[in-house]
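Taking it in order: structure first as structure tokens, then the write-up.
These values consider heavy atoms only, across backbone and side chains, with no hydrogens, waters or symmetry-generated copies. Bear in mind that the values here come from a model prediction, so they are computed numbers and not experimental data.
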Amino acid sequence: MKNGDYDLVIAPEDYPGKKYRGRYIQESHFVWWLHTGETVPSGWLIHHKNENKKDNRFDNLEKKTVAKHNQDHHTKMGVFLFCD
């Protein structure tokens, strides 16, 4: 199953985080939880370092704030945002 570009897996019963349709989670979130014991809180996301959303190896994942993630992507594209 998919959610946009992201693969979904069936969440284990003891998974404490957000689920889609009551039973699915993004595979990257599952891998993150397995390795760290942390779910992804609101305002944060799991970023794929190599930008391949299918590559859910733990060493390719990092937790970032949505703001930092957006800033990094806009900077890569040569767009700079200035905020007060």
Side-chain angles (χ1 to χ4, degrees):
M1 181 167 231
K2 293 187 174 292
N3 180 22
D5 293 335
Y6 298 96
D7 290 331
L8 298 178
V9 295
I10 295 175
E13 288 188 27
D14 60 339
Y15 180 75
K18 177 184 174 183
K19 297 175 189 163
Y20 299 92
R21 297 185 182 159
R23 67 185 289 200
Y24 298 99
I25 56 176
Q26 287 183 11
E27 184 176 12
S28 57
H29 289 218
F30 178 61
V31 171
W32 186 264
W33 177 68
L34 284 177
H35 284 269
T36 67
E38 301 175 351
T39 59
V40 182
S42 180
W44 291 75
L45 52 72
I46 299 299
H47 171 72
H48 292 81
K49 295 176 187 176
N50 68 4
E51 312 238 356
N52 178 354
K53 296 172 186 171
K54 303 279 185 219
D55 184 355
N56 291 307
R57 293 173 296 124
F58 180 70
D59 64 340
N60 185 46
L61 304 176
E62 64 184 329
K63 188 170 79 170
K64 286 187 175 187
T65 66
V66 171
K68 175 66 174 152
H69 183 259
N70 290 342
Q71 178 186 21
D72 291 349
H73 278 282
H74 287 300
T75 301
K76 267 187 185 175
M77 295 184 321
V79 176
F80 297 93
L81 301 176
F82 296 94
C83 301
D84 292 323

Reported NE2-to-NE2 distance for the pair His69 and His47, which is rounded to 0.5 angstrom: 5.0 Å

Closest non-hydrogen atom pair between Val66 and Leu45, with its separation: CG2-CD2, 4.1 Å

Gln26 side chain near Leu8 side chain, heavy-atom distance below 4.5 Å: yes

Test item: Tyr24 and Ile10 side chains (from C-beta on) under 4.5 Å apart, heavy atoms: yes

Lys18 atom NZ: more than 12 heavy-atom contacts under 6.0 Å: no

Heavy-atom closest pair, residues Ala11 and Lys19: CB-CE, 4.0 Å

Shortest non-hydrogen contact from Lys54 toward Asp7: NZ-OD1, 3.2 Å

Single-linkage hydrophobic cluster, 4.5 Å side-chain cutoff, Tyr15 and Val9 together: yes

Check against side-chain contact (heavy atoms from CB on, under 4.5 Å), Phe58 and Thr36: CA-CA 10 Å; Phe58 180 70; Thr36 67; 3.8 Å; yes

Point-to-point distance, once rounded to the nearest 0.5 Å, from CD of Glu27 to CG of Leu34: 10.0 Å

Interatomic spacing from CD in Glu38 to CH2 in Trp33 - rounded to 0.5 Å: 12.5 Å

Inter-residue atom distance Arg57.CZ - Lys49.NZ, 0.5 Å rounding: 9.5 Å

Reported CD1-to-CG distance for the pair Ile46 and Asn60, which is rounded to 0.5 angstrom: 11.0 Å

Flag side-chain contact, heavy atom, 4.5 Å: Trp32 against Ile25: no

Note, Tyr6 side chain near His29 side chain (heavy atom, < 4.5 Å): no

Positive for side-chain hydrogen bond (donor to acceptor under 3.5 Å, both in side chains) with His48, one of Asn56, Asp55, Asp5: Asn56

Heavy-atom pair of closest approach, residues Leu61 and Ser28: CD1-O, 3.7 Å

